Amino acid sequence: MISEKLQAEFNQRINDEFYAWYLYTAMAAYFEHDNFRGFAHWMRKQAEEEMGHATKNLSYLLERGGKVSLKPIAQVPDSWATPLAAFEAAYQHEQKVTGIYGKFFELAQAEKDHAAEIFLQWYVNEQVEEEAQTAQAVDILKKIKDSVGGLYQLDHQLGKR
Ligand code: OFO
């Protein structure tokens, strides 16, 4: 049986991951509206991943005999000033999530819940990829600056995700 403390944290993580799904869905809609179909496709794929992260936590909490309690999902923005601003927001979001899972992992260690600790290692590792891919897009967009050609080339590339 999982502790009350960890149960509350798992419920919060489920909410965080649904929020991430919401955020990337909003970004996909923003890009599609602006006819950046490749960026939109990339964001939709990312949103699907976030839904997977949410349900992975949810299934685990149930498997451990915990109670799932779904909270409201906070509102997300509906537009960003530029593609760079959107990817910067995505990168900042992922950095925040990395910190959250780091603290959660430490809590599982403090609670001596070895099973939860091992389970959470997956998220700690996943965040390496989550940060790397958004950081890479930010870096390229900064290099592209105002080049429309460069922007559409990246749009095409990310559309292959
Ligand atoms: Fe769930 O990794 Fe991004 O937020």
Side-chain angles (χ1 to χ4, degrees), residues 2 5-33 36-64 66-109 111 113 115-142 154-155 157-161:
I2 200 151
K5 231 185 210 177
L6 288 180
Q7 174 178 286
E9 283 297 315
F10 267 108
N11 275 310
Q12 187 53 52
R13 285 307 79 70
I14 293 165
N15 189 264
D16 293 345
E17 297 289 3
F18 278 135
Y19 175 83
W21 168 75
Y22 225 29
L23 179 66
Y24 287 116
T25 300
M27 287 178 175
Y30 154 73
F31 280 126
E32 197 163 325
H33 182 73
F36 284 116
R37 304 277 163 165
F39 292 147
H41 171 80
W42 193 94
M43 289 294 175
R44 275 189 202 277
K45 286 277 171 195
Q46 187 58 34
E48 278 171 24
E49 276 204 12
E50 301 298 354
M51 182 60 79
H53 297 168
T55 54
K56 190 178 170 80
N57 274 322
L58 189 149
S59 300
Y60 183 74
L61 180 54
L62 288 173
E63 201 180 346
R64 293 292 307 277
K67 188 173 187 310
V68 170
S69 165
L70 298 179
K71 300 177 183 70
I73 305 169
Q75 185 159 7
V76 291
D78 59 10
S79 57
W80 289 264
T82 59
L84 173 60
F87 274 94
E88 274 178 331
Y91 179 46
Q92 282 161 14
H93 167 78
E94 292 306 335
Q95 285 179 304
K96 190 174 155 203
V97 173
T98 298
I100 288 171
Y101 274 106
K103 284 206 179 84
F104 192 15
F105 182 78
E106 285 166 18
L107 178 67
Q109 284 180 319
E111 294 269 301
D113 189 327
E117 196 183 317
I118 291 164
F119 173 79
L120 288 169
Q121 274 176 7
W122 184 89
Y123 285 90
V124 171
N125 285 327
E126 173 71 2
Q127 281 311 117
V128 175
E129 184 193 299
E130 298 281 275
E131 276 197 39
Q133 60 188 9
T134 45
Q136 194 189 14
V138 167
D139 184 53
I140 296 170
L141 283 164
K142 278 183 178 165
L154 182 64
D155 181 61
Q157 193 186 319
L158 294 191
K160 290 180 185 161
R161 181 179 185 185

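Just so you know, ligand 1 is whichever comes first in the structure, and atom 1 is the first atom listed for that ligand. In this text the structure is predicted, and so the values were computed from the model without any measurement.
Heavy atoms of Glu49 found under 4.0 angstrom from ligand 1: none, in either backbone or side chain.
In this structure, Lys96 and His93 have side chains that are not in contact, with every pair of non-hydrogen atoms separated by 4.5 Å or more. The shortest side-chain heavy-atom distance between Ile140 and Phe87 does not fall under the 4.5 Å cut-off. Residues Tyr60 and Glu63 are in side-chain contact: their nearest non-hydrogen atoms beyond the backbone lie under 4.5 Å apart.
Using a 4.0 Å cut-off between a side-chain N of Lys or Arg and a carboxylate O of Asp or Glu, Glu49 and Arg161 qualify as a salt bridge. At a threshold of 4.0 Å, the pair Glu32-Arg44 counts as salt-bridged, since one of the basic side-chain nitrogens sits closer than that to a carboxylate oxygen.
Shown in contact with Ala20 at under 4.0 Å from a heavy atom are these atoms of ligand 1, numbered in order with element: 4 (O). Under a 4.0 Å criterion applied to the non-hydrogen atoms of Gln127, ligand 1 contributes the atoms 2 (O). Taking every non-hydrogen atom of His93 and a distance limit under 4.0 Å, the qualifying atoms of ligand 1 come out as 4 (O). Near Val97, meaning under 4.0 Å from one of its heavy atoms, ligand 1 places the atoms 4 (O). Against a heavy-atom cut-off of under 4.0 Å, His53 is close to the following atoms of ligand 1: 1 (Fe), 2 (O).
Atom 1 (Fe) of ligand 1 has Glu17 among its coordinating residues (N/O/S atom, backbone or side chain, under 2.8 Å). Look at Glu50 and atom 1 (Fe) of ligand 1: an N/O/S atom of the residue is under 2.8 Å from the metal.
On a distance-only criterion, Tyr24 and ligand 1 share no N/O pair closer than 3.5 Å.
When ring centroids are compared, Tyr30 and Phe39 stay outside the 6.0 Å threshold.
Between atom 3 (Fe) of ligand 1 and the N, O or S atoms of Glu130, the shortest distance is to OE1.
Between Phe10 and Phe119, the ring planes are tilted. Angles from 30° to 60° get that label.
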